[in-house]
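Below, chain A is the first sequence line, B the second, and so on; all start at residue 1. This is a predicted model, so every value here is computed, not measured.
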Amino acid sequence: MAEEKGLTPRAQDFSAWYNEVVLRAELADYSPVRGCMVIRPWGYAIWELMQGALDRMIKETGHQNAYFPLFIPLSFIEREREHVEGFAPELAIVTHAGGKELEEALVVRPTSETIIYAMFAKWVQSYRDLPLLYNQWGNVVRWELRTRLFLRTTEFLWQEGHTAHATEEEAEEETRRMLGVYRTFMEQWLAMPPLTGLKSDSEKFAGAKRTYACEALMQDNRALQAGTSHHLGQNFSRQFDLKFQTQEGREDYAWNTSWGATTRLVGALVMTHGDDAGIVVPPLLAPTQVIIVPIWKTDEQRAAVLGKAQEIAKALGTAARVKVDDRDFLTAGSKFYEWEAKGVPLRLEIGPKDLAKQQVMLVRRIVPDGAARKEALSETLAVQQIPERLSGIQRAMLAEATRRREANSHRGVRTFDQLREIVDGVGGFIYTGWCGSSVCETKVKEETKATIRVIPDAEFRSAEMPATCVVCGEPAATEVVWAKAY
RNA sequence: CGGGGCGUGGCGCAGUCCGGUAGCGCGCCUGCUUUGGGAGCAGGAGGUCCCCGGUUCGAAUCCGGGCGCCCCGACCA
């Protein structure tokens, strides 16, 4: 009985586990339209908590929210050459509306650079109008062939920041700043420590001059791109005539940046912290942080136990997001499994035996090795301790994820054979030298399926810069990090 | 778009070879007993068997055509 209700263990089949756990935790479900998904309340509540935190950070760095339309004239997309080449295969195009064929087809936005910079061009005349620091929350559509819930769907939700600056330096600074915001957000809220750095030319955003990214390592040792920040140079401003008069009276094109993070982060959360019992949600992102499960036999006990459960929930007040599971058509045991699958960090069990002793059973969703999962605490102590317990769990989750990332980072890899052996074996982040040639890059990709995730930022670089390219043996231009990616 | 598979109550499937009362598990509903790790018993509801056509006394089953979905190979957050 128990076996058939369990999830496929991660070690047996990670992607089967992922699909099952997303459905079991009621994060999302498949929609009637191929490649699209429905985000269910539990998944959406997690997303809303992410949104709230990231939105505050975006505003704290001086940005304002706005909203640009879903439909973009096809000609806009076509204006920037690299951009259109990057997106052409995955565009959804509206050719008919209002019962007739449209004069100009409309693209359902795959991203909003074109329409936003077209509008910026109307609003900017002078250097005094710069910088423009905009962000928008919305949905985008990219027609995908192979889809997976949260990780790759035809429609997804995200925020996209778009800025315009008077100088290249300022734009570069902005690009780096927002990469840092993502990194901090992922560490503090998702308890997921990304590796940050610069994308190689072949992996950068279509139309960007440079792309920086946060790459997180999932439990199957594959990398997941979790947030990107692009320095767009003057590529779009030239095409959309986004120019301004400088202080010296010259005319110049503005420098743009764009940066985005998506509902893919929910998938990242699942694959970073989940275990064979379900997902594990970091306390800061848990829609319910404490689930109280009352246990009773008789009606008399039911009243007393429920009364106590409500009392404790009330005592916690705003110190934690708490909920009493008072459904009387389920046994306590089945509720335990359900909330564990959904990743609620703490559970309080209250039954007649506890009432008699004025105590509650506090059960942690995850525990350090060897620690007891359940402990009896007095009612008052439990209420007092819960906020600190939650922040302790948040810290422990980041520490564990960081430990795992480091344990699966392979440095000092010198030869192609070594690289191949790790990619085909344990996987993880592989640090090597690289000459900078796309020929070498392509060779690794074709022969191992691993790609350059990033040219790592300074703090991630190895103590000793690798001397030679892992492929051709020529002097290395830089250190890079390889991994199989989602 | 090339190769493989599948369409049968909400979900997962059996039945198709060899035509003859549409079945099983889970879920759902009602009642009683239950509730400290996925409850038990009893009763019950729920089906254009993907669609169209053909063969036949009779088609989920055989034949023809169509549609849809899933899995595997080139791009992407």
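A distance-only check finds no donor-acceptor pair linking the side chain of A:Trp339 to the backbone of A:Lys342 [under 3.5 Å].
Heavy atoms of A:Arg327 sit nowhere under 4.0 angstrom from any nucleic acid atom. If you check every strand for non-hydrogen atoms under 4.0 Å, A:Pro294 touches nothing. Among the atoms of the strands shown, base atoms are found under 4.0 Å from some heavy atom of A:Lys374. Residue A:Leu330 is classed as a base contact, given a heavy-atom separation below 4.0 Å to a base. Using a 4.0 Å heavy-atom criterion, one finds that A:Arg373 contacts the bases of the nucleic acid, with or without backbone contacts as well.
Defined by atom type and a distance below 3.5 Å, a donor-acceptor pair is present between the side-chain atoms of A:Glu160 and A:His162. Side chains of A:Gln219 and A:Arg10: a donor on one and an acceptor on the other come within 3.5 Å. Of the N and O atoms on the side chains of A:Glu174 and A:His63, at least one donor lies less than 3.5 Å from an acceptor on the other residue. Looking only at atom types and distance, the side chain of A:Gln225 has a donor-acceptor partner in the side chain of A:Lys199 under 3.5 Å away.
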Determine, stepwise, if the pair A:Thr298 / A:Glu300 fulfils side chain to side chain donor-acceptor pair (under 3.5 Å). CA-CA 5 Å; A:Thr298 65; A:Glu300 198 180 328; 5.1 Å; no
Audit row: A:Phe76, A:Phe240, ring-ring contact (aromatic ring centres under 6.0 Å, His included) steps and yes/no: CA-CA 9 Å; A:Phe76 277 32; A:Phe240 289 90; 5.6 Å; yes
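With rounding to whole Å, A:Asp299 atom CG is found 11 Å from B:C32 atom P. Rounded to an integer number of Å, the gap from A:Ile295 CD1 to B:U34 P is 17 Å. Here B:G38 presents its P atom at 12 Å from CD of A:Glu349, a figure rounded to the nearest Å. When rounded to the nearest whole Å, the span between CZ of A:Arg347 and P of B:U35 equals 18 Å. Straight-line distance from the NZ atom of A:Lys335 to the P atom of B:U34: 17 Å, rounded to whole Å. Summarising the geometry, the separation between CG on A:Leu7 and C1' on B:G38 is reported as 12 Å, rounded to the nearest angstrom. Atom CG in A:Asp328 sits about 13 Å away from atom P in B:U33, given to the nearest Å. The NZ-C1' distance, from A:Lys297 to B:A39, rounds to 12 Å in whole Å.
Distance noted for atom C1' between B:A74 and B:G2: 12 Å (whole Å). B:G68 and B:C24: their C1' atoms are spaced 26 Å apart (whole Å). A distance of about 45 Å separates the C1' atoms of B:U35 and B:U16, rounded to the whole Å. Only the P atoms considered, B:C75 is 33 Å distant from B:C13, to the nearest whole Å. Taking atom P on both nucleotides, B:G53 is separated from B:G10 by 24 Å, rounded to a whole Å. Nucleotides B:U56 and B:U61 place their C1' atoms 13 Å apart, quoted to the nearest Å. Atom name C1', nucleotides B:C63 and B:C72: the rounded distance is 31 Å, in whole Å. Comparing B:G36 with B:G40, their P atoms sit 12 Å apart, to the nearest whole Å.
As the counterpart of B:C67, B:G7 is assigned, both hydrogen-bonding distances of the Watson-Crick or G-U wobble pattern falling under 3.5 Å. Base pairing of B:C13 is made with B:G23, judged by Watson-Crick or G-U wobble geometry with both donor-acceptor distances under 3.5 Å. Using the Watson-Crick or G-U wobble rule with both distances under 3.5 Å, B:C1 pairs with B:G73. Base-pair partner of B:U30: B:A42 (Watson-Crick or G-U wobble, both distances under 3.5 Å). Pairing for B:U61 is absent, with no Watson-Crick or G-U wobble pair whose two atom distances lie under 3.5 Å.
The base of B:G37 is paired with the side chain of A:Glu340 by a donor and an acceptor separated by under 3.5 Å.
With centroids closer than 5.5 Å and planes inclined by less than 30 degrees as the test, A:Phe336 and the base of B:G37 fail to qualify as a stacked pair.
With A:Phe429 as the aromatic partner, A:Arg405 does not meet the cation-pi criteria of under 6.0 angstrom to the ring centre and within 45 degrees of the ring axis. Annotation: cation-pi geometry satisfied between A:Arg420 and A:Phe416 (NZ/CZ under 6.0 angstrom from ring centroid, within 45° of ring axis).
The side chain of A:Lys353 contributes no N or O atom lying less than 4.0 Å from OP1 or OP2 of B:G36.
Proximity note for A:Asp354 (side chain, C-beta onward) versus B:U35, B:G36, B:G38: the nearest is B:G36.
A ring-centre distance under 6.0 Å is found for A:Phe120 and A:Tyr134.
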Mark up nucleotides 71-77 of chain B, 5' to 3', with B wherever a protein heavy atom is under 4.0 angstrom from a base atom, S wherever such an atom reaches only the sugar-phosphate, and - elsewhere. -S-B-BB
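Map A:Thr331 and A:Gly351 each onto its nearest nucleotide of RNA chain B; the residue landing nearer the 5' end is A:Gly351.
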